[in-house]
Number of protein chains: 2
Amino acid sequence: MPASASRGCERVQMEISERKKKILAAVVDEYIVTAEPVGSKALAEKAGLGCSSATIRNELAELVNMGYLEQPHTSAGRVPTALGYRMYVNELMQKQKLSLEETEELNSRLEKRLSELDNTISDVSRLASQLTNYPALALSSRSQVTIKRFDIIYVDANTFIIVVMLDNNTVRNKLVHLPVSVDEGMVKKLSTMFNASFTGISDSQITPVLINSTERAADDSLGLTSVIAAFAMEVLASEATPSTYVTGENRLLNQPEYRDPDKAHRLMSYLSSGGYILPPGEDLGDTNEVRVLIGPENIAEELKDSSVIVASYDAGDGTKGLIGVVGPTRMDYSVIASKLSFLAQGLSRRLGGGEAPVEGMHNKLIIKGDDSDKR
Amino acid sequence: MPASASRGCERVQMEISERKKKILAAVVDEYIVTAEPVGSKALAEKAGLGCSSATIRNELAELVNMGYLEQPHTSAGRVPTALGYRMYVNELMQKQKLSLEETEELNSRLEKRLSELDNTISDVSRLASQLTNYPALALSSRSQVTIKRFDIIYVDANTFIIVVMLDNNTVRNKLVHLPVSVDEGMVKKLSTMFNASFTGISDSQITPVLINSTERAADDSLGLTSVIAAFAMEVLASEATPSTYVTGENRLLNQPEYRDPDKAHRLMSYLSSGGYILPPGEDLGDTNEVRVLIGPENIAEELKDSSVIVASYDAGDGTKGLIGVVGPTRMDYSVIASKLSFLAQGLSRRLGGGEAPVEGMHNKLIIKGDDSDKR
DNA sequence: GTTAGCACTCATTTCTTTCGAGTGCTAATA
DNA sequence: TATTAGCACTCGAAAGAAATGAGTGCTAAC
């Protein structure tokens with residue numbers, strides 16, 4: 001009796017039978033919707049696996065041994081462990097394809113968001129939160145930013161506008177007000193010089209040496225050069241700093257696992273304080289890949305009993321980012337992953353300059369987990 | 001026996017005696033910190049009004065009759081009613097002046113926020129929330145926005161940048177990419193024309209007629225004119241639309257009155273959905289005035305059992321706005337009003353162009369309520 | 001290998017009881 | 001006439017006790 005041999009042991013390694021898989025999947029599926037421990041009887045009835053509750057009880061007991069499930073207390077049903085979710089996400093989960101209607105719905109909403117003004121990423125974060133009913137986060141970062149072009153607009157003797165165009169075609173400007181007078185010729189000269197020596201370089205290359213030599217070359221005794229250089233650095237730095245948006249934190253309160261205000265508050269303030277979600281420094285993952293971090297797989301203490309689902313996008317011009325949600329470990333990974341993946345793909349295209357909406361290709365969904373088992 | 005004559009009647013109108021005022025104030029003060037009904041004994045001990053608990057009980061009973069206090073149940077202490085708070089705010093409250101250290105602390109933090117990039121108002125909202133530990137809101141609106149200056153930067157035959165400077169010296173830009181080629185001369189010409197006929201006017205004055213005549217005058221067959229005009233309108237419109245920021249919603253969960261997740265959620269999502277806080281269309285109030293809306297005085301159903309404290313600022317150039325917090329009716333009106341007032345004054349100065357920090361004038365605090373009793 | 005049956009466990013719900021803070025009233029006091 | 005000590009009374013909240021029932025593990029029969 002190979003099965004009973006495992007009884008009483010600590011997390012036995014054994015091949016998981018087909019039936020066990022089915023049962024585990026059924027447990028997770030059920031738990032996702034009810035948030036209550038699921039019992040053998042309910043399983044026997046609902047999930048159509050032709051066997052009685054007693055049999056299922058045996059299987060459940062073994063799944064507990066194997067570490068996929070756990071019991072809150074002796075006389076309760078089973079609840080998936082992090083390992084159980086991992087297995088579910090990696091192998092068992094039936095990958096959700098969005099229906100055509102859903103795709104269209106999503107598309108039109110995405111469209112609407114993107115067409116409006118500037119704040120693309122934060123807007124999409126908002127959208128993600130709405131669609132999933134979980135707090136959403138969006139992160140975007142640029143790798144190597146450089147300036148493509150300088151213009152300095154002479155407004156009056158004491159005022160000018162610096163306009164700077166970056167290599168990804170975003171344009172930034174700043175109005176500068178000086179206590180001293182500048183003549184238009186100087187402004188022209190500076191503009192030329194900056195275009196000559198400050199374009200195509202990253203912020204670390206803007207050194208005091210460079211600034212000094214420019215200043216001398218332009219014969220600038222007023223310190224204009226350093227003002228402009230400072231702005232250039234500021235723009236480059238702010239563009240290179242990854243920005244994170246968290247929206248819809250309050251939706252956490254919808255979830256039964258956050259009924260405790262303290263627990264909810266802890267997580268919410270962690271989120272809005274901009275605490276890191278992914279291991280800092282870790283790369284963003286391949287584009288169009290969805291990653292799932294389940295409970296203890298998260299590094300941040302505050303997230304250890306929540307899950308994170310993120311999809312990465314890549315605008316092609318060096319702008320990469322993530323869009324994701326945070327919620328209880330019990331989340332509908334499948335649907336959420338689909339939706340996020342969709343949004344990420346939409347972002348990739350849209351930011352990348354292409355104007356076409358994400359097409360009806362329901363969606364290719366690549367879900368990847370945190371493979372490194374221990375960390 | 002004038003006092004006992006009121007016994008048993010419905011909300012009797014009578015002059016409120018000095019001692020009653022003192023007691024009422026003490027009740028509110030105490031309730032603000034404990035959030036628990038306050039009883040006669042505690043009052044007799046703490047607040048130094050030389051009389052026994054029995055006397056106080058009599059007074060309390062009358063204050064209940066007069067509508068300033070209420071009892072959650074027969075054997076509990078007293079809790080201020082909205083009317084009680086109103087009275088407290090209007091007459092009884094001992095107006096808090098910020099200490100010098102506090103002023104300096106606030107100043108340096110405000111300074112820091114304002115000196116950093118663009119997002120002044122949202123940043124100050126964040127600051128307000130931090131300082132008060134309540135959700136904060138900031139609203140800013142401009143009355144009459146006009147464009148002061150147009151510049152069009154020729155990038156290449158298909159690309160140019162529109163730079164627009166508003167009458168309050170903010171600068172906006174947009175990169176335009178065209179499918180057809182434009183020559184530099186045309187760009188120059190358009191720039192001149194726009195400066196001639198589109199400056200100093202509001203968005204409603206940008207009519208199709210005006211656009212058409214400009215287009216004809218510039219001999220523009222490519223539709224450039226309308227692109228630029230559209231951008232101008234967009235900028236004007238977006239600038240004129242009052243923008244609201246709500247930050248720190250999660251701090252609501254600190255408050256015992258929002259321990260119920262549903263209640264908290266209701267309010268939080270109302271706040272982050274951008275629901276109006278002040279009666280829509282109502283003017284923002286005089287500058288440097290702090291307004292308090294207590295419980296039922298709010299018009300939004302969702303706010304009927306919360307209070308709102310807002311201070312208004314005025315940058316002088318037509319930019320006006322509010323900065324405020326939302327919380328339980330039991331809030332420390334006095335301190336919060338001081339802090340908000342401080343921030344508002346800081347904003348007024350800073351946005352108004354003056355560079356000096358708010359000085360050590362601890363602060364003049366004008367608190368005004370919702371005087372119209374019924375609405 | 002599966003399943004019906006049954007005793008057992010234990011969180012949850014419901015009902016009681018206890019406890020005490022706080023009241024209102026009365027009668028004595030200043 | 002205003003204040004106060006004293007006391008019975010009220011009623012929510014906390015603590016304890018009992019009932020409930022979902023779900024289990026195990027055994028023995030199929």
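Just so we're clear, the structure is a prediction, and the values are computed from it rather than from any experiment. A note on names: the letters A, B, ... follow the listed sequences, proteins ahead of strands, and every chain is numbered from 1.
In summary, the side chains of B:Asn254 and B:Tyr134 do not present any donor paired with an acceptor at a separation below 3.5 Å, with no hydrogens or angles considered. In summary, the side chains of A:Arg330 and A:Gln255 do present a donor paired with an acceptor at a separation below 3.5 Å, with no hydrogens or angles considered. No side-chain donor-acceptor contact under 3.5 Å links A:Asn250 and B:Asn250.
As a whole-Å value, the separation of A:Ile56 CD1 from C:dT2 C1' is 12 Å. As rounded to whole Å, 10 Å separates atom C1' of C:dG1 from atom CD of A:Glu59. Rounded to whole angstrom, the span from the NZ atom of A:Lys20 across to the C1' atom of C:dT2 amounts to 14 Å. In this structure, A:Leu60 atom CG and C:dT3 atom P are separated by 14 Å, rounded to whole Å. Rounded to an integer number of Å, the gap from B:Glu62 CD to C:dG24 C1' is 13 Å. At whole-Å resolution of the value, CD in B:Glu30 and P in C:dA21 are 16 Å apart. Put simply, CD on B:Gln71 is 8 Å from C1' on C:dG22, counting in whole angstrom units. One interatomic measurement links the two molecules: CG of A:Asn58 to P of D:dT24, which rounds to 11 Å at whole-angstrom precision.
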Please list, for nucleotides 7-11 of chain D, all pairs of protein and nucleotide N/O atoms separated by less than 3.5 Å.
{"unit_1": "D:dT10", "atom_1": "O2", "unit_2": "B:Ser75", "atom_2": "OG", "d": "3.3"}
{"unit_1": "D:dC11", "atom_1": "OP1", "unit_2": "B:Thr74", "atom_2": "OG1", "d": "3.2"}
{"unit_1": "D:dC11", "atom_1": "O4'", "unit_2": "B:Ser75", "atom_2": "OG", "d": "3.4"}
{"unit_1": "D:dC11", "atom_1": "O2", "unit_2": "B:Ser75", "atom_2": "OG", "d": "3.4"}

Please produce a list of atom pairs where a protein N or O lies less than 3.5 Å from an N or O of nucleotides 14-20 of chain D.
none

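Distances shown here put every side-chain N or O of B:Arg78 at or beyond 4.0 Å from the OP1 or OP2 atom of C:dA21.
Applying the side chain to side chain contact (heavy atoms under 4.5 Å, CB included) test between B:Val89 and each of B:Ile294, B:Val28, B:Val290, B:Ile309 identifies B:Ile294 as the sole match.
Across all their heavy atoms, A:Met331 and A:Val325 have their closest contact at SD-CG2, 4.2 Å.
In the region residues 36-46 of chain A, proximity to DNA chain D at under 4.0 angstrom, judged on heavy atoms, holds for A:Gly39, A:Ser40.
With respect to B:Arg266 and B:Glu302, no salt bridge is recorded, no charged nitrogen being found less than 4.0 Å from a carboxylate O. With respect to the salt-bridge test (charged N to carboxylate O, under 4.0 angstrom), the residues B:Arg78 and B:Glu70 do not qualify. Looking at B:Glu297 and B:Arg86, a side-chain N of the basic residue comes within less than 4.0 Å of a carboxylate O on the acidic one, giving a salt bridge.
Taking the ring centroids of B:Tyr85 and B:Tyr333, they lie under the 6.0 Å cut-off.
Residue A:Ala54 is in base contact, counting any heavy-atom pair closer than 4.0 Å across all strands shown.
Side-chain N or O atoms of B:Thr81 include one that pairs as donor or acceptor with a backbone N or O of B:Gly67 at under 3.5 Å. Under a 3.5 Å cut-off, the side chain of B:Lys263 and the backbone N or O of B:Glu257 do form a donor-acceptor pair.
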